[in-house]
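Every chain is numbered from 1 and lettered A, B, ... according to where its sequence line falls, protein lines coming before strand lines.
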Amino acid sequence: MSGRGGRSETRWAAAILAGFAVLALVPLAAPRDDVLNFLLVILLSITLAESWNIVAGYAGQVNLGHAAFFGIGALVARTLWIDGTPIAAATAAGALLATLSALVIGVAAFRLRGAYFAIGTLALGEISRTTVGNVLAEISTLPTATISTYRLTHRYYVALGLAAVSVAVVAALARSRLGLGMEAVREDEEAAEASGVGALRLKLTALALSAALAGLAGGLFAYYHISYYPSHPFSPHWTFDAVLMTFIGGVGTLHGPVLGAVLYVVLKEYLAVRWVDFHLLIFGALFVAIVLVLPGGLVQAAARLRGAWRR
Amino acid sequence: MTVLAQQLVLGLLIGSLYGLAAAGLSLVFGVLKVLNVAHGELIMLGGYGAFWAVALLGMDPFAALALVVPAALVLGAVLFLGLFGFVMRADEETRIKNSLLIGFGLALALHALAVQLWTADERSIPTPYGGAVITVAGLSLPVVRLLTLALAFALIGALHLLLAHWRWGQAIRAAAEDWQAALLTGIDVRRAYLLAFAMGTALAGAAGTLVTIGYSISPSIGLEWTLKALIVVVLAGLGSMLGTFTGGLALGVAEAVSAAAFGGPYREVVGLVIFVVVLLVRPRGLFGR
Amino acid sequence: MLEVQGLEVAHGDVRALDGVSLTVGAGEIVALLGPNGAGKSTLLLTIAGLLRPRAGRVTWDGEDLRRVSPHLVVERGLAMVPEGRRLFGSMTVEENLALGAFAPRARAARERSLERVYALFPALRERRRQVVRSLSGGQQQMVAVGRAMMTNPRLLMLDEPSLGIAPRLVDAILDSLVDINRGGVAVFLVEQNVRAALALAHRAYVLEQGRIAAHGPAADLLEDPHVRQAYLGPFGR
């Protein structure tokens, strides 16, 4: 896990946001549903990956229950929205509840270290999924009135805005004292604690930020899909996707998760035509290779190649 | 009352397979300090191995064990040499974390592979004994599941004896207790690790076979079984295989009780809640002695 | 037989051994003295192969041991009793001893080695079915020495065998080393109890801050003013 200083992160943030500005023109230039849907999935994945990256890359904690925050955001936003709350307020409420639950879960789960935190959060995520699946077994479908006014472009711009916010948040975090403190905790928790860094407070802040972004992404999911099972956004595969994209791109960097998300979705779409889950086979193998030989992901590989080129 | 008793009996029957599933995980974790979260996927592969042995070779389902277990042993050795062996140099905390990540990637890859090979459908093996049922005191006991319980217990017993009396079994225990001291007594610790990992995989293969015979499998059961095995390991601690087996039975019974009290769909939740509570009460000393 | 040349070992950035050279010949008893933190344990662990040197070499019968895995060092006849005994506490005395005879060469001589260990420490025969953790410190040390002897060594290295043991049993342990040596096994002993160590050793080295500060026949070192002042005290302790 490589923590670069704030300066290069800011430059990357500027480049990525400039790319997003270009994407804002797509609905005008090519207003095709398949293009917009494809880009929307990429943008949603970027948000999800960046949100997971805050806890894993900066605070060094592998959270395998991330889907719970995404799910809570989706559940609250969908319920309130269908009841008549404006979607913006409903999404905000969802993100707020996701953040609050992160604080509650965090106080308990951060008693666990390393791999135990990972399996503990995995279990918590599964508890939330099973419970939601049991209580709300019925499929959730939008009212016909809402469907008749459904505009994909609206969803697209929300996704674009969210991805931009998540990139900006991580960029700001990387430059801040808060981010530095998190990196100190990641490198050596005891040493950080000894030098006066409040490790628990920092880890909780990271988890809350991460949950807030995941909750917003859940709100987008609720806004985007016409019908789905309420337990679906709680499914562990949302967590696993975020883990894969972040690690393969480069955990603890700003642009790694963006790169990972683009690659992941493109490969998935490309392979889905012939092989259902083949992209997971490739990504699973790639992930293992990266953990073993290239812990910095593709970002690190690129840096090494550049270094070799200059020499 | 009989309904509850019947549920408890069925809980014990499935619990024996939880115990068998957990034994492999416990062996690998206790000896190598490697947390293989792909253990459930190895169980799933074992199940499909048995499915193939029956469907393609026309073997008796229980006899398929004789094919699946050695194959899993080899697979385990390959996985250790190709993947998990590389994390053994790191200190314990890094080792557990990296092994978790490797297992995670392996789980995804194996799941995807199984979907390609066998489709996402649920499958089970029809046995010649079919739906035969023994009735004792008003309780109906499916013969096939009784046999899986007996075999699970026999396998655990065999493992226990191997670890207690076999030369390399003792070496595995010594390496688990103090690997440096084991090296200083002339034990090839790396080979002991290889053996322990291969045996853990073989146990997963056996568990998968029995699950497929008594119940059913699909490519997506991996995570569920990994969690079950983890819950049992947390409940029973490390070190005693007979203890692990008892822990499996306990989980089966706890699930049955919770299903009776809160309704069937909550069967899965009780184990996870136990797991989280135990983790929180003993955040560090959990897997220690 | 054992030859150490210019050995340098570091723990991270901290240099523990800084150019140590010494030899142990067949049939010798050699003591290694020195204050805490001088690098004595580091030296033994490096010879056994558990630590890798930064520079210098360890040779055994002319063979370079630097690339030999620790369990094969044992197989070549070089055994070690580590500091703090490091027994397999949940196993019985018998099981611990059996594990000592794990490697092929040791296994061939297993029955004879076991008789020899029980002859050295008759108390162990009575307690052979007892779990090691339930034994006293002195008895555990006997098991540790016994387990190392089960590997059928030609050189036995011991790191502080008298540490944390009742004085009555210290003598028994140190006496056993003389018996072991009479049986043809060389002994390389790290020991806090300098007077006792020099009493039974033929030769000794003094290790200070990672370097050999003095060496010579044990009798000479006993008279050496520096050794007397630093390790035996003004009144000869």
Side-chain angles (χ1 to χ4, degrees), chain A residues 56 60-62 64-65 105 107-131 133-135 137 189 235-237 239-241 243-244 247-248 251 271 274-293 295, chain B residues 33-35 37-38 82-84 86-87 92-116 119-120 219-220 223-224 226-227 230-231 234 262-277 279-284 286-287:
Chain A
Q61 310 297 314
V62 177
L64 291 184
I105 288 174
V107 168
F110 281 130
R111 290 164 52 90
L112 309 171
R113 298 288 165 89
Y116 303 123
F117 176 78
I119 54 175
T121 48
L122 178 65
L124 286 170
E126 283 297 278
I127 291 174
S128 69
R129 181 182 66 88
T130 319
T131 310
N134 289 341
V135 176
E189 187 161 341
S235 158
H237 87 247
T239 306
F240 298 167
D241 283 358
V243 177
L244 285 180
F247 259 90
I248 285 170
V251 64
L271 292 173
R274 264 177 298 171
W275 298 296
V276 195
D277 273 339
F278 208 67
H279 70 288
L280 279 177
L281 187 60
I282 295 176
F283 267 78
L286 200 57
F287 177 87
V288 169
I290 277 174
V291 171
L292 283 176
V293 297
Chain B
K33 314 290 183 289
V34 151
L35 188 56
V37 290
L83 295 178
F84 289 95
F86 291 106
V87 301
E92 198 167 301
E93 204 175 316
T94 320
R95 190 194 295 181
I96 296 177
K97 204 162 159 177
N98 282 354
S99 65
L100 176 114
L101 291 173
I102 291 175
F104 169 75
L106 181 66
L108 289 175
L110 290 179
H111 171 253
L113 187 71
V115 172
Q116 297 305 316
T119 78
S220 56
L223 178 63
E224 189 188 321
T226 298
L227 283 171
L230 272 172
I231 294 165
V234 163
F262 307 109
Y266 286 95
R267 166 181 292 277
E268 309 300 326
V269 176
V270 63
L272 292 168
V273 171
I274 294 173
F275 178 74
V276 171
V277 169
L279 267 180
L280 292 178
V281 174
R282 291 191 297 172
R284 285 214 136 172
L286 168 66
F287 296 111

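Between chain A and the options B/Leu110, B/Leu223, B/Leu106, B/Asn98, the largest number of non-hydrogen pairs under 4.5 Å is found for B/Leu223. Put simply, of A/Val243, A/Thr121, A/Leu286, A/Ile282, the one with the most heavy-atom pairs under 4.5 Å next to chain B is A/Val243. Counting heavy-atom pairs closer than 4.5 Å to chain A, the top residue among B/Val276, B/Val87, B/Ile231, B/Thr226 is B/Val276.
Taking CG from B/Leu101 and CZ from A/Phe247, the interatomic distance works out to 4.5 Å, rounded to the nearest 0.5 Å.
When heavy atoms are compared at a cutoff of 4.5 Å, A/Ala285 approaches chain B solely by way of its backbone atoms N, CA, C and O. Both the backbone and the side chain of B/Ile96 come within contact range of chain A, with heavy atoms under 4.5 Å apart. Within the 4.5 angstrom heavy-atom criterion, only side-chain atoms of A/Leu122, from C-beta onward, approach chain B. Both the backbone and the side chain of B/Leu83 come within contact range of chain A, each with at least one heavy atom under 4.5 Å from a heavy atom of that chain. Heavy atoms closer than 4.5 Å to chain A are found in the side chain of B/Leu100, but not in its backbone.
Contact record, A/Leu292 with B/Phe86: CD2-CB, 3.7 Å, taken as the closest heavy-atom pair. Listed here is the closest heavy atom pair of B/Val37 and B/Ala107: O-CB, 4.4 Å. The minimum heavy-atom distance between B/Lys97 and A/Gly60, with the atom names listed, is NZ-O, 3.0 Å.
In this structure a side-chain-to-backbone donor-acceptor pair under 3.5 Å is missing from A/Thr130 to B/Val269.
A parallel orientation is assigned to the rings of A/Phe117 and A/Phe110, their planes being inclined by less than 30° (bins at 30° and 60°).
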